[in-house]
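Here is the structure we will look at.
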Amino acid sequence: MKVGVLGAGQLGRMLALAGYPLGFQFCFLDPTEDSPAGDLAEQIVAPWDDSAALARLAECDVITFEFENIPVKVVETLAAKTQVCPGAKALAVACDRLNEKTTFEELGIPTAKFAAVSDEPSLRRALDEIGLPAVLKTRRFGYDGKGQQVIRSADDVNDAWRGLGGQELLLEAFVPFSRELSLIAVRGRSGEIRFYPLVENEHREGILRLSRAPARDLDPALQHRAEDFARRLLERLDYVGVLALELFDVDGTLHANEIAPRVHNSGHWTIEGAQTSQFENHLRAVCDFPLGDTSARGPTAMINCIGHMPPAASVMAIGGAHFHDYGKLARAGRKVGHLTVCADSPADLEAKIAAVRALLEA
Ligand code: AMP
């Protein structure tokens, strides 16, 4: 079975690492040379819409993506020739914040109040409707907190417009969340659905720093509600593969923030911390195999390495710690790897998180 993947970043690399034991082969397409997945598998270096490159990729048995900022047209072109999972419908919703929010609303999934903004008068109208504080976001191409600005008072409006104006935007109400959660879900071609336990995420400067899995003090009712929201999305989008649903927990009430139509950073803990990793389950889903057990093996945390990797030997000296280097050049603000710590108890987990964080900050 040969899997074609649009995007050859670290998510693609981890898909290949999960797929080789299953006997799969991979071919990646990415315009950037020397991408993390290119170390491990064939990589076609070409623009997303290069027709010769797409024809080569279409020779694979199935195609998936690890990046949502691919033109929807590219997925449609490939889908005319071979199976693409998840499909163009999921990509079109997930790559545009307005489509995403509208879909949440249509499915009865609570989300922050929002309004589309295309020029200064529509921003003023949106501010009147939504009130302050609010968050102004680009509809497309935002990641790791880029392409968004919080508007706390009327004084911030001009700055936010100067920073983001000139493209299609969305204004949404600021959600006073107590914590951020995410749910990783997977749906197979047969319609079978499985969910991982909710994960609790800490962000700094818009970048995910730490995920604790399962989320602390996880109320089964909260898990059930998140699963219900994700199920509605998976079914509406005829989804096949892993989907991440990011949520704000406001004192026990869930508000959907966004979806990622792919394996997700907050699911990296599953490599060592769950019975079946999100990467293996994504491949099982798109290749039409039975899905694997999504339960956690025990308390687990994932810590992102931003800008640089800590010394490998020091990490490996910590019992239950695992080192993942994506082979990327070190650069400020860039995700270059992650560390996972597996523990026997919540207290043991916190001790290991502190030990690993000290290495990152040293
Ligand atoms: P996003 O790109 O939408 O995932 O946003 C990145 C981060 O910004 C989120 O993980 C939150 O920490 C914060 N954020 C985004 N939208 C909101 C909002 N409406 N209210 C409060 N915080 C937000």
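Residues take their numbers from the sequence shown, with the count starting at 1. We count ligands from 1, going down the list as the structure has it; atoms in each ligand are counted the same way.
Among all non-hydrogen protein atoms, the one lying nearest atom 23 (C) of ligand 1 is F248 CZ, 3.6 Å.
Tracing side-chain contacts under 4.5 Å through hydrophobic residues (I, L, V, M, F, W, Y), one reaches W48 starting from V84; they form part of the same cluster.
Within the 4.0 Å heavy-atom criterion, the part of A173 lying near ligand 1 is the backbone and not the side chain. Contacts between V175 and ligand 1, counted as non-hydrogen atom pairs separated by less than 4.0 Å, involve both the backbone and the side chain. With a 4.0 Å heavy-atom cut-off, ligand 1 is reached by no atom of N201.
Annotation for ligand 1: atoms under 4.0 Å from non-hydrogen atoms of E172 are 16 (N), 17 (C), 18 (C), 19 (N). Residue contact check: N257 has heavy atoms under 4.0 Å from atoms 1 (P), 3 (O), 4 (O) of ligand 1. Counting atoms of ligand 1 from 1 in the listed order, those under 4.0 Å from a heavy atom of K137 are 3 (O), 15 (C), 16 (N). For ligand 1, the atoms sitting less than 4.0 Å from at least one non-hydrogen atom of E258 are 1 (P), 2 (O), 3 (O), 4 (O), numbered in the order shown with element in parentheses. Every atom of ligand 1 is numbered from 1 in the order shown, and the set under 4.0 Å from a heavy atom of E246 is 4 (O). Set against the non-hydrogen atoms of F177, the atoms of ligand 1 under 4.0 Å away are 12 (O), 21 (C), 22 (N).
Atom CZ of R187 sits about 10.5 Å away from atom CZ of F195, to the nearest 0.5 Å.
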Audit row: T270, S277, side chain to side chain donor-acceptor pair (under 3.5 Å) steps and yes/no:
CA-CA 5 Å; T270 59; S277 82; 4.9 Å; no
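Of the candidates Q148, R204, E205, Q148 brings a heavy atom nearest to atom 5 (O) of ligand 1. Taking each of E180, E100, H203 in turn, the one with a heavy atom nearest to atom 12 (O) of ligand 1 proves to be E180.
By the 4.5 Å heavy-atom criterion applied to side chains, L198 and P214 are not counted as neighbours.
The salt bridge (charged side-chain N to carboxylate O under 4.0 Å, His left out) pairs that include a residue from residues 47-59 are E42-R56, where partners are two or more places apart or lie in different chains.
Both cation-pi conditions hold for R152 and F174: the charged atom is under 6.0 angstrom from the six-membered ring centre and inside a 45 degree cone around its axis.
Contact annotation: A134 has no heavy atom less than 4.0 Å from any atom of ligand 1.
In this structure, H338 has its ring center at least 6.0 angstrom away from the ring center of F323.
For ligand 1, none of its N or O atoms has an N or O atom of G206 under 3.5 Å away.
Checked options R225, R232, R231; the residue passing with D228 is R232 (criterion: salt bridge (Lys or Arg N to Asp or Glu O under 4.0 Å)). Among I353, N304, L339, N201, the one residue that satisfies the side chain to side chain contact (heavy atoms under 4.5 Å, CB included) test with L210 is I353.
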